[in-house]
Number of protein chains: 2
Amino acid sequence: MTITTWNQQIVKKKNKEIVLRTIISNAPISRADIAQHSGLNKATVSSLVNELIEEEFIYESGPGESSGGRRPVMLLFNKKAGYSIGLDIGVNYILGIVTDLEGNVVYEQHQSIHNLSFDEMIHLTIEMIKNLIEHTPQSRYGVIGIGIGVPGIVDKNGKVLLAPNLKWSHVDLPDILHREFDYPIIIENEANAGAYGEIRFGAGVNCNNVIYVSAGIGIGVGIILKGELYKGINGYSGESGHMTIVVDGEKCRCGNSGCWEAYASEHALLNQAKHILPGATLEELIEIAEENKNVKEIFNEIGSYLGIGISNLIKTFNPQQIIIGNRLAKAKHLIEQPTIKSINKHTLDFHQKDLQINFSKLSIYSAALGVSAFAIENFLSIGKD
Amino acid sequence: MTITTWNQQIVKKKNKEIVLRTIISNAPISRADIAQHSGLNKATVSSLVNELIEEEFIYESGPGESSGGRRPVMLLFNKKAGYSIGLDIGVNYILGIVTDLEGNVVYEQHQSIHNLSFDEMIHLTIEMIKNLIEHTPQSRYGVIGIGIGVPGIVDKNGKVLLAPNLKWSHVDLPDILHREFDYPIIIENEANAGAYGEIRFGAGVNCNNVIYVSAGIGIGVGIILKGELYKGINGYSGESGHMTIVVDGEKCRCGNSGCWEAYASEHALLNQAKHILPGATLEELIEIAEENKNVKEIFNEIGSYLGIGISNLIKTFNPQQIIIGNRLAKAKHLIEQPTIKSINKHTLDFHQKDLQINFSKLSIYSAALGVSAFAIENFLSIGKD
DNA sequence: CTTTGTTTGTCTACCCAATAAACAAAGTTT
DNA sequence: AAACTTTGTTTATTGGGTAGACAAACAAAG
């Protein structure tokens, strides 16, 4: 096994990437400014910029304001050079989106599902992808990749090892899809995808160490460290929903007892609420909470427990930001205060320094945008010779 | 702020580092083998090797076995090119070591301390470092750095923000020491240092994702991800000893209740044992446990709780290895089985796949070797032009 | 002992990317 | 209009890595 060595080609590729990323995050920008900003030589920038224009990753948008000399030629990222496809497979829905290279949704398809067999599920997924591809605008690079988020444990090769809520186990999704589609395919856990979506396009833009708490039926955690998704040795990280917060506490679906998600998930909420309002959904409970003290108190309690688990994560990671997402984020106005209160109570001042607690900004799109972003990222760093 | 750009000098530096590291971990090795192993061109390797010889980082040890042609010239790492100093400051001891560049201890000094004032403590530390420097063998690069491990929270600049057991707060140790010594100085939390010591020289050699659980008076955690120490946004990561495992449980010294270390540390152990044997130390209890069922049961329980917290970390990190170190590791024979049993009970098969649970191999030297290794690492990547 | 083939390590010519400096073009300021 | 500024390109140079030729050193076969 050989290590990655360094040579001029790598240098060029890295510098080209620096130039491109500088344009993406500072557009419109001139060649001179890129040189200033990146520290690269003017001539180097000029040459790389011209290659990027040739490849249609960027384009000249015309002259900008003069600052006392020749007017600069402003450069823009060509977000329409290609399009990415993202799917979020949930328990009772599939959401599919087509985005440009900046993560703007140009087409979307929502599909409710109920009690589908595995084969029907796969068939529906494939049909959906076909439809998304059909609705992808023409462009230089076309569809640059397909990302799929699933609520379960995904290994390093994209195999879905266990998705209890979908009743999937050992599903080789990349293999199944590669038989139909000849595009790069990325499968990712829903919490990981959501985390990435938020740091790229949502509440966590410009944050490098972020813990995304996906509070839905269960609780999953997406971990972004040093700007990169951390996945663990086999890809099974972020199962913090099953960390013990009460030894010998409530029974959890995983077989253990006292798990965080037995106290702070949608499942826990519905479980509490069924004594008051049997069969009510999260959305219904949120509405009722406005007038019903007892229901409001349940949200209070859920928020408080949510804060306890988050505090555990804060003490372990000392992150820059916590983002609370997925379905419980809909109840932001009900759980934000008790959650923050709980975090304040359970962490030291040290850990609260420089710490932001936010809710998801992308609502239902977090995961789909996240996997779409993975495909884009993959394309921009690999695809660019 | 300019980004790090890429040029030929960087390429050379990186490749030189590849060559050096290949030699360090594969010595004795020939130039041809390095080329084979690294993927670099023979000529490139030859040139870089000759520079490294010039700089005395490596040397030729004579001809090796022929494999059917000209006999190769074998290369060895010159571990005596410089020496590193490591200190482990504990509550009632200071341990100082001098190591060569491979982490072999060439001189050591143990010092017991009791109820020293802050000034006395600093004075003693400085005197010890002076003594260690005096006992450092002559070499090309001399003392290449000083690393110090402390039982407390250390920020990114090496300032000790809080070390409750030492009664330190806001101690600018780097500043104090730089007035005395003109060497690179690295201050690190004891758990982080121990973690690094173990992955470099101990139980975690060749492991990239390791959680080191420092179980002493309290519990600290050192997190190694992708081969690097993870420190969080401000350097306060790994305070997992204070994660809640029993909501509204035992009071902890931090002010909260139900913290892991209130159930699984030396402090918790002594607390339990004082009802049976008031005033007994950990070492005494370990001896007594051989014959005393009640004491043995306390170790059992501590191990069980230790396993619960470790399980929480496993679910979050999906690490390759857990290393249990610090004082409680002395009771390995008493707590290993209950700990492993507890981990088996509280984690899923997925997380146990490819997972090793080990105890510290470096015993009392973990932290001192760790900080020493930090200094060496710093020297080898920066010091080498 | 000779011949043949292999392995090792160096040397040379060459390639390629970044850089500095010179330069032209297109502005602004005095 | 003249002088200065800024932008972006062109030129020559520097300094790395690489391929391939090469000699030295050795093993194996005859």
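Letters go in sequence order (proteins before strands), and every chain restarts at 1.
- Among the nucleotides D/dG17, C/dA18, C/dA22, the one closest to the side chain of B/Thr44 is D/dG17.
- Between the C1' atom of C/dA17 and the CD1 atom of A/Ile10 lies a distance of 13 Å, rounded to the nearest Å.
- The distance from atom NZ of A/Lys42 to atom P of C/dC23 is 14 Å, rounded to the nearest whole Å.
- Within residues 70-77 of chain B, the residues that have a heavy atom under 4.0 Å from DNA chain C are, in order of number, B/Arg70, B/Pro72, B/Val73.
- Side chain of B/Thr22 to main chain of B/Ile18: a donor-acceptor pair is present (N/O by atom type, distance under 3.5 Å, no hydrogens or angles).
- You won't find any donor-acceptor pair under 3.5 Å spanning the side chain of B/Lys12 and the base of D/dG16, going by distance alone.
- Between the side chain of A/Gln8 and the base of D/dG15 there is at least one donor-acceptor pair of N/O atoms closer than 3.5 Å.
- Nucleotide D/dT13 holds its C1' atom 13 Å from the CD atom of B/Gln9, rounded to whole Å.
- With respect to the salt-bridge test (charged N to carboxylate O, under 4.0 angstrom), the residues A/Lys80 and A/Glu56 do not qualify.
- The CD-P distance, from B/Gln36 to C/dT8, rounds to 9 Å in whole Å.
- Comment: B/Arg21 engages B/Glu377 in a salt bridge, judged by a side-chain N to carboxylate O separation of less than 4.0 angstrom.
- For the pair A/Asn50 CG and D/dT10 P, the interatomic distance rounds to 9 Å; values are reported in whole Å.
- Comparing atom distances between the A/Ala32 side chain and each of D/dG8, C/dG9, C/dA18 picks out D/dG8 as nearest.
- Between B/Phe57 and B/Phe379, the ring-plane angle classifies as tilted under the 30° and 60° cut-offs.
- For D/dG8, one of the phosphate oxygens OP1 or OP2 lies less than 4.0 angstrom from a side-chain nitrogen or oxygen of A/Ser30.
- Residue whose closest nucleotide on DNA chain D sits further toward the 5' end, between A/Ser67 and B/Asn15: A/Ser67.
- Where A/Ser66 and B/Leu40 meet DNA chain D, the nucleotide closest to each residue was compared, and A/Ser66 sits on the side nearer the 5' end.
- Pair assignment for D/dA29: C/dT2, on the basis of Watson-Crick or G-U wobble contacts that are both within less than 3.5 Å.
- Note: NZ (A/Lys13) to C1' (C/dA18) measures 19 Å, nearest angstrom.
- Here SG of B/Cys207 is found 11.0 Å from CD1 of B/Ile224. Values are rounded to the nearest 0.5 Å.
- A/Glu60 places its CD atom 15 Å from the P atom of D/dT7, with the value rounded to the nearest Å.
- A salt bridge is absent between A/Lys12 and A/Glu17: the closest approach of a Lys/Arg side-chain nitrogen to an acidic carboxylate oxygen does not fall below 4.0 angstrom.
- A/Lys16 has a carboxylate O that lies under 4.0 Å from a charged side-chain N of A/Glu55, or vice versa, which qualifies the two as a salt bridge.
- We find that CG of A/Asn41 is positioned 20 Å from P of C/dC16, with the value rounded to whole Å.
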